[in-house]
Enquirer: 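Got a structure for you, questions after.
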Amino acid sequence: VSEATPGEIDLGARRLALPAFLPDATRGVVRCLDAADLASTGIRALCVNAFHLSRAPGIDALERLGGIHDFAGIDLPVFSDSGGFQVLSLEAQRDWSVSVSGKGIRFSKKGEREDKLLSPEKSVQHQCRIGADAIVALDHCSHPAAPRAEHERSVAHTLEWARRAIVEYRRYRDQSGRAPRLFGVIQGGPFEDLRRRCAESLLELGYDAFGFGGWPIGDDGDLVPAVLEVAELVPRGAPLWGLGIGRPDSLATCVAAGYSIFDCTLPTRDARRGRAFRRGGARGFEYVYVDDEKHRRSTDPIDPECEGACCRGPTLGFLRHLRDVEEPLADRLLTIHNLRFYARFIDALRRTSAP
Ligand SMILES: [Zn+2]
């Protein structure tokens, strides 16, 4: 039980009960699910990616189509990620060139003539014009194994961009009358003093909602120590978003420490790989590997506790068959199943963390 976890977050036009798990709808859709499927899972908010949406359908198009809620036909709170992390990850790909300076992140794709600058102002504009209920100031993410000097540079950029982002955000709010919630990201990698400086400076700039920046997970799949240390650096009760954190036992650990918002591709990606979540084991969950030979003749559901379209009717034997013949229905049913599991799991954490 933690008194640090707020019971809900005010997003301007919408409110969201916390803690909440947000599936990734990177391109504006939770893969394989329509709005009715999504509603049936009990999931209460989504996370889209501003960078991917700016490439398709484009920010202008999305704005003309009425924003993400009308476009996708969903009335749930939509969080957006700045896309800074994705732009930086393009660095590793041969057909992109990426560079970071105080101005922002400059990137271009080979074969495309245009050289684009993702500035903190443009990032705020894009996320606001998408119609997101919560947005993130552009941050500079460094690899956790990078030398200290690189983390110092990433904190300096993150703070400079955060200063400019909040100015742009206030301008947008005053002009439009819309007030999505703005999150600042705490960088600093494994260096406690850098993270502290980043958190304190964000507070001084006027930020009141925060996210953990950087790589939250070590090579072993467990949380890096910095994740829990960051929870000590923000005011008690402030919304704290564990960007990219998603293993169920990690959610439980983070909620106890004061985190209240999570987004991760894990449940939806696992679903498409034939891995279904179920309660059990020392970590509070176990996997059902649908492709296992032993399920071929199974007449059981994935999980007798689940009341979804995935488990009321379809047997494990049937789901295994669907995957065997590469029927897309398998992806839909397993995605519904895993999100139902996550919705129940986070709701159980909500009950135990309620003040
Ligand atoms: Zn199910």
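Both counts, for ligands and for their atoms, begin at 1 and track the order of listing. Heavy atoms only: backbone and side chains are in, while hydrogens, waters and symmetry mates are out. Residue numbers start at 1 and run along the sequence shown.
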Enquirer: Which side chain to side chain donor-acceptor pair (under 3.5 Å) pairs, counting each pair once, include a residue from residues 16-41, with sequence neighbours left out?
Expert: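 Non-adjacent pairs meeting side chain to side chain donor-acceptor pair (under 3.5 Å): Asp37-Arg332.
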Enquirer: Is it true that Asp10 and Arg181 have a side-chain N and a carboxylate O under 4.0 angstrom from each other?
Expert: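 Judged by the 4.0 Å cut-off on N to carboxylate O distance, Asp10 and Arg181 do not form a salt bridge.
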Enquirer: Can you list, by chain and residue number, the hydrophobic cluster partners of Leu117 when the side-chain cut-off is 4.5 Å?
Expert: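 When side chains under 4.5 Å apart are linked, Leu117 ends up in no cluster with other residues.
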Enquirer: Report the residues that fulfil side chain to side chain contact (heavy atoms under 4.5 Å, CB included) with Glu307, sequence neighbours left out, ordered by chain and then residue number.
Expert: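 Side chain to side chain contact (heavy atoms under 4.5 Å, CB included) list for Glu307, sorted by chain: Arg312, Arg340.
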Enquirer: With ring centroids as reference points, do Phe285 and Phe345 lie under 6.0 angstrom apart?
Expert: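 No.
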Enquirer: Looking at Phe191, does the NZ or CZ of Arg148 lie under 6.0 angstrom from its six-membered ring centre and within 45 degrees of the ring axis?
Expert: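 Yes; both conditions hold, so Arg148 lies above the ring face of Phe191.
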Enquirer: Ignoring water, what protein N, O or S atoms are under 2.8 Å from the Zn ion (ligand 1)?
Expert: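 Short answer, with waters excluded from the count: Cys306 SG, Cys310 SG, Cys311 SG, His337 ND1.
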